[in-house]
Amino acid sequence: MSGLYHRKKDILPLSFYARDTVPVARELLGKVLVHNSAEGLTAGLIAETEAYIQGDPACHAYRGMTPRNRAMFGPPGRAYIYFTYGMHHCFNVVTAAPGIGEAVLIRALEPLEGIDIMRKRRGRQRLRELCSGPARLVQAMGLEPAMYGHDLTEEPLVLINWTPVSEEEVAVTTRVGISSGADLPLRFYLRGNEYISKKGETSGENTGNL
DNA sequence: GGAACGATTGAT
DNA sequence: TCAATCGTTCCT
């Protein structure tokens, strides 16, 4: 059995997600994503997130509900997984009330558990190449398109409380890899964490107060 | 029906 | 710096 386990009471409740998206994106830092799959348990500490909100031209829900983004308009606390660049998937957590198309993209995890399983899934050995990037962590954690809409308060894929994160530990910058809405300070990461996505490292750090 | 475009990654 | 690769979205 693995060293990391959790109880039902450790799972983030629906109320955590059912509120404004930006504070949820900030507070997801330091939480842990756990996938208890057939191959074994993998888990990682959330080190980098981005908020995608109403009125934001980079948000997939900007032009209304479509077949792809419908989960964003559904109940909070669910998985929104999308396919991009013809080969990758990214994982988001749906936030805010039903009817509001917002979500938080998980961009990087610090691997905690099931590292050999992650290595096998990724075909890479170095820890920093396992979960440092939105499509990388999807692969390392064994997340599948079939998990679209999955309730993250239910096994086998849950988000749990882990370690508190103070404001001083949080850096705020613009988001990575977008063209419109590029000036909005909606990216959050754990300052100094070595598992931040590579592209993210170079995007200007506007930390300041927010 | 057609075309442009990615919330990326890995190799050059 | 650049190719890989294809579903989604929007236009005709």
Any donor-acceptor pair under 3.5 Å linking the side-chain atoms of A:E144 with those of A:H35?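 No donor-acceptor contact under 3.5 Å links the two side chains.
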Does one side chain, of A:S197 or A:R187, offer a donor that lies under 3.5 Å from an acceptor on the other?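 Judged by distance alone, the side chains do not pair up.
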How would you summarise protein contacts on nucleotides 5-12 of chain C per nucleotide, using B for base, S for sugar-phosphate only and - for none, with heavy-atom distances below 4.0 Å? BBSSSS--
Can you measure from CG (A:L12) to CG (A:L152) and round to the nearest 0.5 angstrom?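 Here the interatomic distance stands at 9.0 Å.
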Using the rule for Phe, Tyr, His and the six-membered ring of Trp, do A:Y52 and B:dA7 stack at under 5.5 Å and under 30°?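 The ring of A:Y52 is stacked on B:dA7.
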Between A:R187 and B:dA7, is there a contact of a side-chain N or O with OP1 or OP2 at under 4.0 Å?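 A:R187 to B:dA7 OP1/OP2: no side-chain N or O under 4.0 Å.
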Over 60° means perpendicular and under 30° means parallel, so tell me whether A:Y80 and A:H60 are parallel, tilted or perpendicular.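 Rings of A:Y80 and A:H60: perpendicular, as their planes differ by over 60°.
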From A:L157, A:V158, A:L143, A:I81, residue fulfilling side chain to side chain contact (heavy atoms under 4.5 Å, CB included) relative to A:H150: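 Considering A:L157, A:V158, A:L143, A:I81, a side chain to side chain contact (heavy atoms under 4.5 Å, CB included) with A:H150 is found only for A:L157.
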So what does A:L105 touch, heavy atoms closer than 4.0 Å: a base, only the sugar-phosphate, or nothing?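 Counting heavy atoms under 4.0 Å across all strands, the contact made by A:L105 includes a base.
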Charged N to carboxylate O below 4.0 Å: is that the case for [X] and [Y]?
| X | Y | result |
| --- | --- | --- |
| A:R121 | A:E39 | yes |
| A:R128 | A:E194 | yes |
| A:R119 | A:D116 | yes |

Over how many whole Å does the gap from A:E102 atom CD to B:dA7 atom C1' extend?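 From A:E102 CD to B:dA7 C1': 15 Å.
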How long is the line joining CZ of A:F91 and C1' of B:dT8, in whole Å?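 Rounded to the whole Å, the gap is 17 Å.
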Result of checking A:R107, A:R191, A:R26 against A:E48 for salt bridge (charged side-chain N to carboxylate O under 4.0 Å, His left out):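 By the salt bridge (charged side-chain N to carboxylate O under 4.0 Å, His left out) criterion, A:E48 pairs with just one of A:R107, A:R191, A:R26: A:R107.
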Is there a chain of hydrophobic side chains (I, L, V, M, F, W, Y, each step under 4.5 Å between heavy atoms) that links A:V94 to A:L28?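 Looking at the clustering, A:L28 is in a separate group from A:V94.
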Under 4.0 Å, heavy atom to any atom of DNA chain C: which of residues 124-146 of chain A qualify?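 Here the set is empty: none.
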A correct dot-bracket answer for DNA chain C, with pairs being Watson-Crick or G-U at under 3.5 Å, [ ] for crossing pairs and | for inter-strand pairs, is ||||.||||||.
Over all atoms of both residues, closest heavy-atom pair of A:E50 and A:Y52: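 It is OE1-OH, 2.7 Å.
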